[in-house]
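To start, the structure under review is shown below, and the notes come after it.
All values derive from a computational prediction rather than experimental measurement.
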Amino acid sequence: MDQKKTQAFFEGREIEAYNIFGAHVLKKGVRFTVYAPNAQAISVVGDFNEWDGTKNLMKKDDQGIWSCVVKEAKKGDSYKYRVTQATGRVLDKADPYAFFSELRPKTNSIISSLEYNKWSDEEWMKNRTKCYDKPVNIYEMHVGSWKKDEDVDFVKYSEIEKDLIAHCKKHNYTHVELMPLGEYPFDGSWGYQCTGYFSSTARYGKNDELKRFVNNLHKAGIGVIMDFVPVHFVKDEYALAYWDGTPLYEYSRDEDAHSEWGTYNFDLWREEVRSFLMSAANFWLEVYHFDGLRMDAISNAIFWKGNKNRGVNEGACIFMRRMNHLLNEKHNGSIMLIAEDSSDFPNVTKPEFDGGLGFDYKWDLGWMNDTLSYLKRDPIYRQWHHNDITFSMAYFYSERFICPFSHDEVVHGKATIVNKMWGTYEDKFAQARALYTYMYAHPGKKLNFMGNEIGMMREWDETKGCDWFLLDYPMHDAFEKYLADLQAIYAGSDAFWNGDYNPLNFQWIDADNRQKNLFSFIRKGTDKDYVIIINFSTNTYQHEQFGVISKGLYKEVLNSQWDKYNGTWKDPIPQSCQAVRLPRNNQSYMIEVSVPAFGATIFEVEK
């Protein structure tokens, strides 16, 4: 056993603990290693010994590490550890470091090799970056319900790969974000209540099939991010809970151990737990070539149980800083580390050496909630909630934000994005088109959950595929076309992503026109600037005047109410106008254009 790695494990700075622990295939047999300092006895039971706990007893060293080699064991065998816990109770426990596991409702671990010699994504891996000054348009998806027939329990990676790549290309998605793929017992948890932190779920294929899936996405120029859950784990007694009869992974105090989701919170002060979780994070990046991790429920790590009144959990913050630092060091700063954090805790995306937590990006959940809250309202009352739209720019440059419309917003009675909009069926789609124009023109990277792009009216259900049949209906088909055109403008124009976090590249034209529910701003690019005008009122404004920063010909490149998008402007001719040297909105020049009701327009001007 590598003594340096073992020492690092106990010091809470090991990110490859999976090379120490777990079931490793040897030339003859399999080496089993597990950490359980308070267990009285442990044996390995499995297919290779008829599940007889007397045949393969493990030996314990003075640090609490148990190990043995079973010559009869081989790749593909099921196994567990039969643990005589500190209390004397005997339980069969799954391997915390298992590399594969049986499909639920079975719970055994499976001996699996990590070797894979079919990678062909070297060029991608060499050139990938954190994309600070590149377009980032993330397609969040649940593998099992993206395209799923009703008579099929689980789709396979290979069955959706080709269609997924084509869909991402059509919409200029730069990355796919997969909801958690560690093994988990309850389908309805979507993977957020995990049992196997090193075990890719058996639902969608074997380990090699997931690697091939990632490899082929990379070859198509699409990055792959995975949701990772470092805060809590399931209470199922065959898994991590009280593994050796004592709180080995969870907090010892009851008030800290139990989470709001009916799970156990990881003890993020404990060095061995830190090494376990950091190694799990690195495992997906190293072994499966994922390009980044979206860390779930970070506010519940920052504050004790997510409650700001209970104070900052300093041990958890130390863990996050250390994890992010070591992962960046290991991967030469090429991976994306994203925090799902709903709190106002400062410096989440500042480097750890500068007092930050060291994440690269943070979800802007405030932007998401404020924007959707505004658009649920009757337009008559929106003038009194104008700041719901403008407030995000008051704090935007404090972090590197991602603007998300995620799975959390389209489940559990919250209604889908389109269905949240006020008004009639036609009004909802018109406002949703304007909403997405605001999203893609707003500074920050983008994330959109599957089904949003076709205007799903039914809330997401993990047991059913997306309602792709909706594309047979003109309104939904036009909505998808609009999003694809909008996303093409986003991807093709550096004004919308280069210098995303530089305040010089964004400028309000008029942030205060609350009486008309009008919002107008400028995004500045290398060769072209863009004027974005959004009208969230029921009124069309003809010959409306807007201040602009430079002279030139302003050409309309997108209008959310054009007829081809099922909008209200029939047979339109794109607007164009020459800027006039007349002061408006504190600018030296002015353009005069018309803005449709519940519509958004984008004008470009060459520098």
Side-chain angles (χ1 to χ4, degrees), residues 16 18-19 22-25 74-76 97-104 109-128 138-149 152-171 173-184 190-191 194 196-228 280-294 331 334-336 450 465-466:
E16 293 183 345
Y18 49 86
N19 288 328
H24 291 268
V25 179
K74 63 185 183 302
K75 182 180 175 182
Y97 290 85
F99 303 139
F100 200 61
S101 305
E102 292 180 333
L103 178 63
R104 61 95 181 110
S109 303
I110 297 176
I111 299 169
S112 178
S113 171
L114 297 180
E115 293 181 4
Y116 186 71
N117 58 9
K118 296 181 180 179
W119 289 112
S120 57
D121 62 348
E122 296 83 3
E123 194 68 21
W124 171 273
M125 296 292 284
K126 182 176 69 175
N127 294 319
R128 69 182 182 178
I138 301 169
Y139 189 54
E140 185 193 22
M141 63 176 293
H142 178 257
V143 170
S145 60
W146 184 63
K147 281 193 173 180
K148 179 181 182 299
D149 295 329
V152 173
D153 287 336
F154 300 110
V155 300
K156 300 301 180 184
Y157 297 113
S158 58
E159 294 170 348
I160 65 170
E161 176 189 294
K162 185 177 178 181
D163 287 347
L164 178 62
I165 289 172
H167 189 71
C168 289
K169 291 293 188 182
K170 178 181 181 180
H171 284 272
Y173 286 116
T174 60
H175 295 76
V176 168
E177 182 177 307
L178 307 175
M179 293 168 73
L181 292 179
E183 195 55 84
Y184 58 102
W190 314 325
C194 185
Y197 273 77
F198 299 82
S199 182
S200 78
T201 179
R203 287 167 172 80
Y204 315 127
K206 296 183 178 179
N207 294 345
D208 285 2
E209 293 172 297
L210 174 55
K211 292 172 184 175
R212 184 165 59 244
F213 179 70
V214 173
N215 185 70
N216 288 339
L217 283 169
H218 282 173
K219 290 183 72 175
I222 300 165
V224 191
I225 299 165
M226 194 188 79
D227 273 7
F228 182 68
N282 182 59
F283 179 81
W284 299 100
L285 302 169
E286 181 75 16
V287 175
Y288 286 93
H289 287 201
F290 281 99
D291 302 293
L293 299 172
R294 176 264 197 187
H331 298 279
S334 67
I335 42 107
M336 299 166 68
M450 65 180 197
C466 293

Residues in side chain to side chain contact (heavy atoms under 4.5 Å, CB included) with Ser200, at least two apart?
-> Phe100, Asn207, Leu210, Trp284, Tyr288
Taking the side chain as every heavy atom from C-beta outward, state whether Met141 and Leu164 have any pair of such atoms under 4.5 Å apart.
-> yes
For side-chain contact (heavy atoms from CB on, under 4.5 Å), just list the numbers for Ile165 and Ile222, CA-CA rounded to whole Å, side-chain angles, deciding distance to a tenth of an Å, and then say yes or no.
-> CA-CA 8 Å; Ile165 289 172; Ile222 300 165; 4.2 Å; yes
Of all heavy-atom pairs linking Phe154 and Tyr204, the shortest is CD2-CE2, 4.2 Å
Would a 4.5 Å heavy-atom cut-off, applied to side chains only, mark Met125 and His218 as touching?
-> yes
Ring centres under 6.0 angstrom apart (Phe198, Tyr97) = yes
For Lys74 and Ile111, the nearest pair of non-hydrogen atoms, with its separation, is O-CD1, 3.3 Å
Are any non-hydrogen side-chain atoms of Met336 and His175 less than 4.5 angstrom apart?
-> yes
Nearest atoms (heavy-atom pairs only) where Tyr139 meets Met450 = OH-CB, 3.3 Å
Where do Ile138 and Glu177 come nearest, in terms of heavy atoms and distance?
-> CG2-CB, 3.5 Å
Heavy-atom nearest pair, Leu285 first then His331, reads CB-NE2, 3.6 Å
Quick one: does Ile160's side chain get under 4.5 Å of Val143's, heavy atoms only?
-> yes
Rounded to the nearest 0.5 Å, how far apart are CG of Leu178 and NE2 of His142?
-> 10.5 Å
Closest non-hydrogen atom pair, Asp121 against Asn215 | N-OD1, 3.3 Å
Please determine, by modelled atom types, if Trp124 and Asp291 share a side-chain donor-acceptor pair under 3.5 angstrom.
-> yes
Side-chain donor/acceptor of Asn127 to backbone N/O of Glu123, under 3.5 Å | yes
All ring pair (Phe, Tyr, Trp, His ring centres under 6.0 Å) counterparts of His24, not counting sequence neighbours = Phe99
Lys219 side, atom NZ; Ser120 side, atom OG - distance, nearest 0.5 Å = 3.5 Å
Mind checking whether Trp146 and Asp163 have side chains closer than 4.5 Å, heavy atoms only?
-> yes
Roughly how far apart are Ile335 CD1 and Glu286 CD, rounded to 0.5 Å?
-> 11.0 Å
Under 6.0 Å from the NZ atom of Lys206, do we count more than 12 heavy atoms belonging to anything else shown?
-> no
Side-chain contact, heavy-atom cut-off 4.5 Å: Lys211 with Val214?
-> no
Arg203 side chain to Tyr184 backbone, donor-acceptor under 3.5 Å = yes
Residues Lys147, Glu159; criterion salt bridge (Lys or Arg N to Asp or Glu O under 4.0 Å); working and verdict = CA-CA 9 Å; Lys147 281 193 173 180; Glu159 294 170 348; over 6 Å; no
With rounding to the nearest 0.5 Å, note down the distance linking CG in Leu103 to OG1 in Thr201.
-> 7.0 Å
Only residue of Tyr197, Phe290, Phe283 satisfying side chain to side chain contact (heavy atoms under 4.5 Å, CB included) with Phe228 is Tyr197
Interatomic distance, Lys75 atom NZ to Glu115 atom CD [nearest 0.5 angstrom] | 8.0 Å
Kindly determine whether Leu181 and Tyr157 satisfy side-chain contact (heavy atoms from CB on, under 4.5 Å), including the steps that lead there.
-> CA-CA 12 Å; Leu181 292 179; Tyr157 297 113; 3.9 Å; yes
Just do the ring pair (Phe, Tyr, Trp, His ring centres under 6.0 Å) check on Trp119 and His289 with the steps written out, would you?
-> CA-CA 9 Å; Trp119 289 112; His289 287 201; 3.6 Å; yes
Distance, nearest 0.5 Å, that separates OG of Ser145 from NZ of Lys148 | 8.5 Å
Does the side chain of Ser109 come under 3.5 Å of the side chain of Ser101 through a donor N or O and an acceptor N or O?
-> no
